There are 2 protein chains.
Amino acid sequence: MSTDVTTKPASRSGDGLAQHTGFLLARLGRAVTRHYRSALTPIGLKPRQTSALLTLRDEGAMSQQALGAALDIDASNLVVLLNDLEGGGLILRRRDPEDRRRHLVEISKRGSKLICEVEHASTQIDDEFFAGLDSDERATLHDLLARVAQSTDVSARGASGDDEERC
Amino acid sequence: MSTDVTTKPASRSGDGLAQHTGFLLARLGRAVTRHYRSALTPIGLKPRQTSALLTLRDEGAMSQQALGAALDIDASNLVVLLNDLEGGGLILRRRDPEDRRRHLVEISKRGSKLICEVEHASTQIDDEFFAGLDSDERATLHDLLARVAQSTDVSARGASGDDEERC
DNA sequence: TATTGTTATACTCTATAACTATA
DNA sequence: TATAGTTATAGAGTATAACAATA
């Protein structure tokens with residue numbers, strides 16, 4: 001906070017990387033992940049695991065391929081991530097009867113219960129991290145990010161309406 | 001692209017992680033970093049090195065502490081990053097006469113020349129990545145991200161006016 | 001005593017290739 | 001032959017602690 005940033009000179013133009021929205025995005029992405037990590041560690045979950053559980057709860061059971069696409073995570077990495085979640089009883093893997101190569105992954109009851117706790121913590125992180133924006137601005141940001149995600153085919157749905165209460 | 005995402009069922013509510021702006025931000029941050037990496041590899045730079053060079057060019061010489069704060073990177077990691085850049089003759093390290101503990105880091109002529117190439121490539125990545133947004137929306141996104149960065153003290157200046165031409 | 005930079009290290013994340021079982 | 005999942009592994013990013021030089 002008050003780290004007395006002395007040796008930061010002239011700063012004439014005042015922009016720096018800020019010119020590149022992409023670099024700014026990358027930096028903030030890492031920052032928010034760090035925040036998530038410190039908030040989730042006491043609960044025993046990693047940010048990526050949390051994303052997976054949230055997706056499974058909200059989207060329902062799906063194949064590992066589909067989940068990997070939704071999270072933008074490599075299939076091989078998803079395997080070990082799911083191994084851990086399965087070991088903790090937070091998800092279930094079962095063969096898809098229609099195509100026995102596939103695993104249908106779904107969140108367990110225990111997972112659903114845990115994700116309620118987690119969502120509370122995550123929401124708090126979001127509130128802290130985006131505290132510089134008011135409610136409207138934050139909604140705008142979310143919408144813009146969602147559209148970028150959509151256009152880059154990172155598989156993100158529009159931020160339309162939430163319907164059900166879950167927690 | 002056309003990967004025929006079969007096993008993606010119901011999708012009733014349609015939101016998923018999208019609820020959490022933070023998770024969305026984290027995911028996009030990784031995605032854009034990946035894009036940067038593939039575009040920068042042929043030039044021989046990593047995304048983080050590129051950020052460092054851009055910052056040094058735009059903000060001028062500064063201590064490693066200040067640079068670390070600007071990039072939101074740990075001091076110990078910055079050392080090895082700068083070692084590589086120094087080895088390639090892209091930056092210079094010299095002792096601060098006023099405080100001999102400090103290294104003043106500045107971009108070299110060779111670094112400045114390279115960064116012009118790089119900026120071209122980076123700008124292209126930005127254009128591709130944010131293609132889903134029009135010019136105004138992209139400016140809005142940049143502004144919102146910059147303000148979040150500011151409020152989280154990740155050290156980012158306001159996106160005011162660029163003044164000088166550099167490339 | 002505190003700070004700047006450094007080194008070493010351990011841990012996580014990411015990407016690639018090779019394998020299996022199913023189709 | 002192609003696809004879903006798995007395994008192993010190498011590479012990159014990150015965080016921590018201990019240290020030397022300087023303040």
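Basis for what follows: all heavy atoms, side chains included, without hydrogens, waters or symmetry-related copies. Note on naming: letters A, B, ... go to the chains in the order of the sequence lines (proteins, then strands), and numbering restarts at 1 for each one. Predicted model, so just to flag it, every value in this text is computed and none were measured.
Whole-Å rounding puts the B:Met62 CE to C:dG5 C1' distance at 17 Å. Atom pair B:Arg95:CZ and D:dA23:P shows a separation of 9 Å (rounding to whole Å applied). Between the P atom of D:dG13 and the CD atom of B:Gln49 lies a distance of 8 Å, rounded to the nearest Å. Between the P atom of C:dA15 and the NZ atom of B:Lys46 lies a distance of 14 Å, rounded to the nearest Å. The CG atom of A:Leu82 sits 11 Å away from the C1' atom of D:dG5 (whole-angstrom rounding). To the nearest angstrom, C1' of D:dT16 lies 15 Å from CD1 of B:Ile73. One can place CG of B:Leu78 at 19 Å from P of C:dT3, the figure rounded to the nearest angstrom. Nucleotide D:dG13 holds its P atom 12 Å from the CG atom of B:Leu40, rounded to whole Å.
A donor and an acceptor atom sit less than 3.5 Å apart, one in the side chain of B:Ser76 and one in the base of D:dT16. Counting distance only, with no hydrogens placed and no angle test, the side-chain atoms of A:Arg100 and the base atoms of C:dT22 include no donor-acceptor pair under 3.5 Å. Residue side chain B:Asn77 reaches the base of D:dA15 through a donor-acceptor N/O pair under 3.5 Å, judged by distance alone. A donor N or O paired with an acceptor N or O is not found under 3.5 Å between the base of D:dA4 and the side-chain atoms of A:Asp99. For B:Arg101 against C:dT3, a side-chain N or O and a base N or O form a donor-acceptor pair under 3.5 Å.
Of the listed nucleotides (D:dT7, C:dT6, D:dG5), D:dT7 has the atom at the smallest distance from the side chain of A:Asn83. Among the nucleotides C:dT12, C:dT6, D:dA4, the one closest to the side chain of A:Arg37 is C:dT12. When the nucleotides D:dA12, D:dG5, C:dG5 are ranked by their closest atom to the side chain of A:His103, D:dG5 comes out on top. Side chain of A:Val79, nearest nucleotide from C:dT6, D:dT6, D:dG13: D:dT6. Of the candidates C:dA15, D:dT16, D:dT6, C:dA15 carries the atom nearest the B:Arg34 side chain, counting heavy atoms from C-beta on.
At distances below 3.5 Å, at least one donor-acceptor pair connects side-chain atoms of B:Arg110 with backbone N or O atoms of B:Gly88. With hydrogens and angles ignored, the 3.5 Å screen pairs no side-chain donor or acceptor of A:Arg94 with any backbone N or O of A:His103.
Considering only side-chain N and O atoms, A:Arg102 lies nowhere under 4.0 angstrom from the phosphate OP1 or OP2 of D:dT6. Checking the phosphate oxygens (OP1, OP2) of C:dC13, no side-chain nitrogen or oxygen of B:Arg30 falls inside 4.0 Å. For the pair A:Gln64 and D:dA4, the criterion of a side-chain N or O lying under 4.0 Å from OP1 or OP2 is not met.
Put simply, the side chain of B:Phe130 does not reach to within 4.5 Å of the side chain of A:Thr152, judged on heavy atoms. You'll find the side chain of A:Glu119 reaches within 4.5 Å of the side chain of B:His20, heavy atoms only.
Taking 4.0 Å as the cut-off between side-chain N and carboxylate O, B:Glu106 and B:Arg93 do not count as a salt-bridged pair.
Hydrophobic clustering of Ile, Leu, Val, Met, Phe, Trp and Tyr side chains at less than 4.5 Å, counting indirect connections, keeps A:Val80 apart from A:Leu71.
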